[in-house]
Amino acid sequence: MADGELDVDVIKMPDGTVIRRSSIVEQSVNFYKEAYGEELTDVTDFSVGSEIRTLHESWAVDLFNLYLFDERNAKQKFVRYATGTYLDELGCEYHLSRKKAEVATGTVTFITSATINGSMNVPKGTVILDYKTGYEYILQDDVILTETDTPVNGMVYSKLTGAKYNAPRYRLRTFRDIGTIRSEIKVTNNTEITDGVDEESDEEFRERILDAKKTSAYGTATAYSTLIVNEIPDVHDVQFVDPTLLIRSEEHTSE
C-alpha cells in the first residue's frame, strides 16, 4: 500500500486498537474455542473453507462496515477530520461559511467594418466562446453599434463558476450561434477575463476554522482583546503589557 493511501480494510481507533475483518473472524473463532472448552457448543471446525468459517467471514464483512461507518461518522464531529456539509456545520459555530465559487467576468469589444445604416444589435444573452477552450461567456446587456458609436464594449460573465474560466486577452473571439449575429460584427476581449474563483476546499476551510478556534481560545491575547472591546463600552486600542515589565515594576516599588 502506497504512502497516504487509505486502507479500507483497517480501522484505527483513537485508543490505538486496530480492527480488521480478519480480527473479527479470529474473535469468533476464539469465542467458539472457549465455548467448546466450557461444553457450551460442539462447533470446532473453523478451518479455511469450512461452512461455519465461511458464514462468519460473511458476517465479518457487514460488522466491519458498521464499525467503519461508526468510526467515520464519529470523526465528523471534529474539525480536524470533518468533511463536506459536516465541516460547514462546524464552521457555523465560529460564524464562518465556506467561500463559494464565482463566475469569471470581464469586458469584450464589438467592432464592424460594415457601413452602418441605423444600428446593429447584439442581444443580451449572446454566448461568446473562448476559441481555444470552448468555454462559454454570456453577454450581460444588449450592445448596439451605430455609425457614431463603434467599437462598443459589453460585459460578459462565464456560464459556469470557477478559476479555470479566467481567460487571457484576445481569447473570446467566436459567437456560439453564428447564424444569429451579423457576419460583419467581430468580437474580442482586449482585457483579461478575471474574478473566477473555485469553491473553497475542505482543506482551506478547515484551516480557517482552526485559526478562528485559536483566536477565540480562552487565555490568548486576542481573546481577551475581543472580550474587552465587546463587553466594555468605549474601550479602544487595547494593548497588553509584557508580564516581565510588571514584575520589574513591583520589584522597584518594593525597594
TODO: Kindly state each residue pair satisfying ring-ring contact (aromatic ring centres under 6.0 Å, His included) with at least one member in residues 73-102, sequence neighbours excluded.
DONE: none
Open item on the list: Filter on ring-ring contact (aromatic ring centres under 6.0 Å, His included), then keep only pairs touching residues 115-136, sequence neighbours left out; what's left?
Closed with: Tyr135-Tyr165
Counting only pairs under 3.5 Å, give me each side-chain donor-acceptor contact of residues 48-59, with atom names and distances, residues two or more places apart or in other chains.
unit_1: Ser50; atom_1: OG; unit_2: Asp45; atom_2: O; d: 3.4
unit_1: Ser50; atom_1: OG; unit_2: Ser47; atom_2: O; d: 2.7
unit_1: Ser50; atom_1: OG; unit_2: Arg53; atom_2: N; d: 3.3
unit_1: Arg53; atom_1: NE; unit_2: Glu57; atom_2: OE2; d: 3.3
unit_1: Arg53; atom_1: NH1; unit_2: Phe46; atom_2: O; d: 3.0
unit_1: Thr54; atom_1: OG1; unit_2: Ser50; atom_2: O; d: 2.9
unit_1: His56; atom_1: ND1; unit_2: Ser28; atom_2: OG; d: 3.3
unit_1: Ser58; atom_1: OG; unit_2: Thr54; atom_2: O; d: 3.0

Task: Linked hydrophobic residues, Tyr36 as query - side chain contacts closer than 4.5 Å - done: none
Open item on the list: Restricting to side chain to side chain donor-acceptor pair (under 3.5 Å), what partner residues turn up for Arg173, sequence neighbours left out?
Closed with: none
Task: Residue list, side chain to side chain contact (heavy atoms under 4.5 Å, CB included) with Glu136, at least two apart or on another chain - done: Val127, Leu129, Lys159, Arg176
Task: Between Thr105 and Asp195, a side-chain donor and acceptor under 3.5 Å - done: yes
Task: Gap separating the CZ atom of Arg21 from the CG atom of Leu68, nearest 0.5 angstrom - done: 8.0 Å
- [ ] Compute whether any side-chain donor of one residue and acceptor of the other, for Thr107 and Asn153, lie under 3.5 angstrom apart.
- [x] no
Open item on the list: Taking Asp88 first and then Arg98, would you say they form a salt bridge - that is, a charged N and a carboxylate O separated by under 4.0 Å?
Closed with: yes
- [ ] For residues Thr112 and Lys186, determine if any side-chain heavy atom of one lies less than 4.5 Å from a side-chain heavy atom of the other.
- [x] no
Task: Presence of salt bridge, Glu204 and Arg208, under 4.0 angstrom - done: no
